[in-house]
Amino acid sequence: MLLIALVLVACGQAETETTEPSADEAEVSSMVAESLEGNVEVAEAEPTEVPQLTVLADGQVRNGKPALPLAFETSGKLLTVSVAVGDTVEAGEVLATLDDETLQNNLRSAQLRVQSAENSLLQAQGELARLETWEPDESAVTIAGANITSAQSNLENAQTQDAAAGSSLTSVNVQIAQAERELASAQESFDNAFSEGREWEVQYNEPICENVNGFEQCSSLTYAERIKNDREFSTTRLQNAKEQLQVARSNYALEAARISGDSAVGAEAQLVIAQEELTRALKGPTDAEIAAATLNVSNAELALEQEQFALEQAQEALDQSQLLAPWNGTVLSVDIVPGGLIGAGTPVVTLIDESGLEFITTNLSERDLDQVAAGQAALITLKTYPNTPIEGRVSRVELVANGTVGDAAVFPVVIELMGSDLTIRQGMTGRVEILQGE
């Protein structure tokens, strides 16, 4: 095009001027001719600085992170709300609390149970270690031997005393035997007197007659009188025999009690106990005892794990009595007042994260979409701060148009705010210039 322009200029000059061309003009004409013939290369002109182009669009500030209603995971009485609308909070800050008296008690109870389970485990482990590392205890063996010697001596003394007291005890035994024989005889007489076979005698008032040496002899005593006398006598005799046996047994009990205090029975028992102590002192644990101790340790470990899990649950329940801010933000609303009962999931505080503010265009035409791409720099001028542009960067172009302007659709373009000391609020409006580069 430059060559053509030069040719046209040369032609125009040739038509309007009649003078001879200057040396410079002649040289230019020669260069043009040679260029047209393809024999001369013409150097390209130096590029000139092109002004930076922009895409302009109106838009509005919005929050890319939606407001978050916060709620307790458990129900209870709302005790305090420690924030108000507009307060800025940091992640982990307590926003509200539930009445946690019962939860505190549950936690303390769980802690005590864990301590008890730990002590039980230590005891079980100590017993198992003792059995596995068992060695005879010389002091225990010595004490058991001394106890056996003492018990044997006591037994000998008791046996001597029992021998001395044997005659008196034998005497009361004889009395008991005699009383028992008398009772048996009296019972037999009583049974005979009151037997059904003699009931006929009760009403039979004939004299009693017996055959003596071939002669019948009759007594003045009738059958009825005899049966009456026999029954009265046998009843009295039986009662006396019972009382005598009771007295004999009482005498035996008193005598036995007097003797038992120093008898060999107690001494023998003490000797057996001393011998068992010596056996235990000399005998190590059996495999069954070690297995039982090992099982006790396993059970104690399992019990401790269960109590620790219960403690974790109690601590988690107590932690849930505090509503914490999940991230830095600003309180958008307080949705309930303290003092009332609330259920799990009931919104208490609504929090907004203002670090997620972004500028979104409202009228960027589809005709300009090919000039916009993620990562491009942008300058945002809000109506609130008309003289202080805010740096931004194109984050993305939405996939769906949100309306039309004239015959063209408009697509929202999201601009990330790069940071500013200005107070920027959601809903502010302004204009963005998306820089296109050189």
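Taking CD from Gln320 and CD from Gln322, the interatomic distance works out to 11.5 Å, rounded to the nearest 0.5 Å.
The side-chain hydrogen bond (donor to acceptor under 3.5 Å, both in side chains) test applied to Glu416 returns no partner, not counting sequence neighbours. Applying the side-chain hydrogen bond (donor to acceptor under 3.5 Å, both in side chains) criterion to Arg431, with sequence neighbours excluded, gives Asp58. For Gln244, there are no side-chain hydrogen bond (donor to acceptor under 3.5 Å, both in side chains) partners at least two apart in sequence or on another chain.
Shown are Val61, Ile424, Ile415, Val432; of these, the side-chain contact (heavy atoms from CB on, under 4.5 Å) with Ile390 is made only by Ile424.
With a 4.5 Å cut-off on side-chain heavy atoms, Arg237 and Ser185 count as touching. Leu324 places a side-chain heavy atom less than 4.5 Å from the side chain of Val94. Considering only heavy atoms from C-beta on, Ile176 stays 4.5 Å or farther from Asn251 through its side chain. Pro389 has its side chain within reach of Thr381: a pair of non-hydrogen atoms, C-beta onward, lies under 4.5 Å apart. Two residues are said to be in side-chain contact when any heavy atoms from C-beta on lie closer than 4.5 Å; Val114 and Leu304 meet this criterion. Looking at heavy atoms from C-beta onward, Gln178 lies in side-chain contact with Arg181 at the 4.5 angstrom threshold. Taking 4.5 Å as the limit, some side-chain heavy atom of Leu70 sits within range of a side-chain heavy atom of Leu68. Taking 4.5 Å as the limit, some side-chain heavy atom of Arg396 sits within range of a side-chain heavy atom of Glu358.
Both cation-pi conditions hold for Arg231 and Phe194: the charged atom is under 6.0 angstrom from the six-membered ring centre and inside a 45 degree cone around its axis.
Other residues, nucleotides and ligands contribute over 12 non-hydrogen atoms within 6.0 Å of the CD atom of Glu289. Counting non-hydrogen atoms of neighbouring residues, nucleotides and ligands closer than 6.0 angstrom, the CD atom of Glu188 reaches no more than 12 such neighbours. The environment of CZ in Arg108 is crowded: more than 12 heavy-atom neighbours from other residues, nucleotides or ligands sit within 6.0 Å. More than 12 heavy atoms of other residues, nucleotides or ligands shown are found within 6.0 angstrom of CG on Asp370. Within 6.0 Å of CD on Gln60 lie more than 12 heavy atoms contributed by other residues, nucleotides or ligands.
Nearest heavy atom pair, residue Ala84 against residue Val331, reads O-CB, 3.3 Å. Listed here is the closest heavy atom pair of Val372 and Val413: CG1-CG1, 4.1 Å. Across all non-hydrogen atoms, the minimal contact from Ala325 to Leu351 is CB-CD2, 4.2 Å. Taking both residues in full, the closest heavy atoms of Ala110 and Ala314 are given as CB-CB, 4.2 Å, listed atom of the first, atom of the second, then distance. The two residues Leu399 and Phe411 make their nearest non-hydrogen contact at O-CE2, 3.8 Å. In terms of heavy atoms, Ala248 sits closest to Ala179 at CB-CB, 4.3 Å.
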Set out, in order, the CA-CA distance, both residues' side-chain angles and the distance that settles side chain to side chain contact (heavy atoms under 4.5 Å, CB included) for Leu128 and Thr294, then state yes or no. CA-CA 6 Å; Leu128 177 60; Thr294 303; 3.4 Å; yes
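Asp407 and Arg367 are joined by a salt bridge, as a carboxylate oxygen and a charged side-chain nitrogen come within less than 4.0 angstrom of each other.
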Listed pairs under 3.5 Å, donor-acceptor, residues 217-229 side chains, sequence neighbours left out:
from   : atom 1 : to     : atom 2 : distance (Å)
Ser219 : OG     : Leu221 : N      : 3.1
Thr222 : OG1    : Glu225 : N      : 3.2
Glu225 : OE1    : Thr222 : N      : 3.2
Asn229 : ND2    : Glu225 : O      : 3.3

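In the model, Ser234 has no side-chain atom that pairs as donor or acceptor with a side-chain atom of Ser189 under 3.5 Å. Inspection of the Gln115 and Asn119 side chains reveals no N or O donor paired with an N or O acceptor under 3.5 Å.
Sorted pairs that involve residues 299-399 and meet disulfide (SG to SG under 2.5 Å), not counting sequence neighbours, are lacking altogether. Contacts classified as salt bridge (Lys or Arg N to Asp or Glu O under 4.0 Å) and involving residues 238-249 (residues at least two apart or in different chains) are given here: Glu180-Arg249.
Remark: side-chain polar atoms of Glu93 are paired, donor with acceptor, to backbone N or O of Glu90 under 3.5 angstrom. Side chain of Ser250 to main chain of Gln246: a donor-acceptor pair is present (N/O by atom type, distance under 3.5 Å, no hydrogens or angles). Ser109 contributes no side-chain N or O that, together with a main-chain N or O of Asn106, makes up a donor-acceptor pair within less than 3.5 Å.
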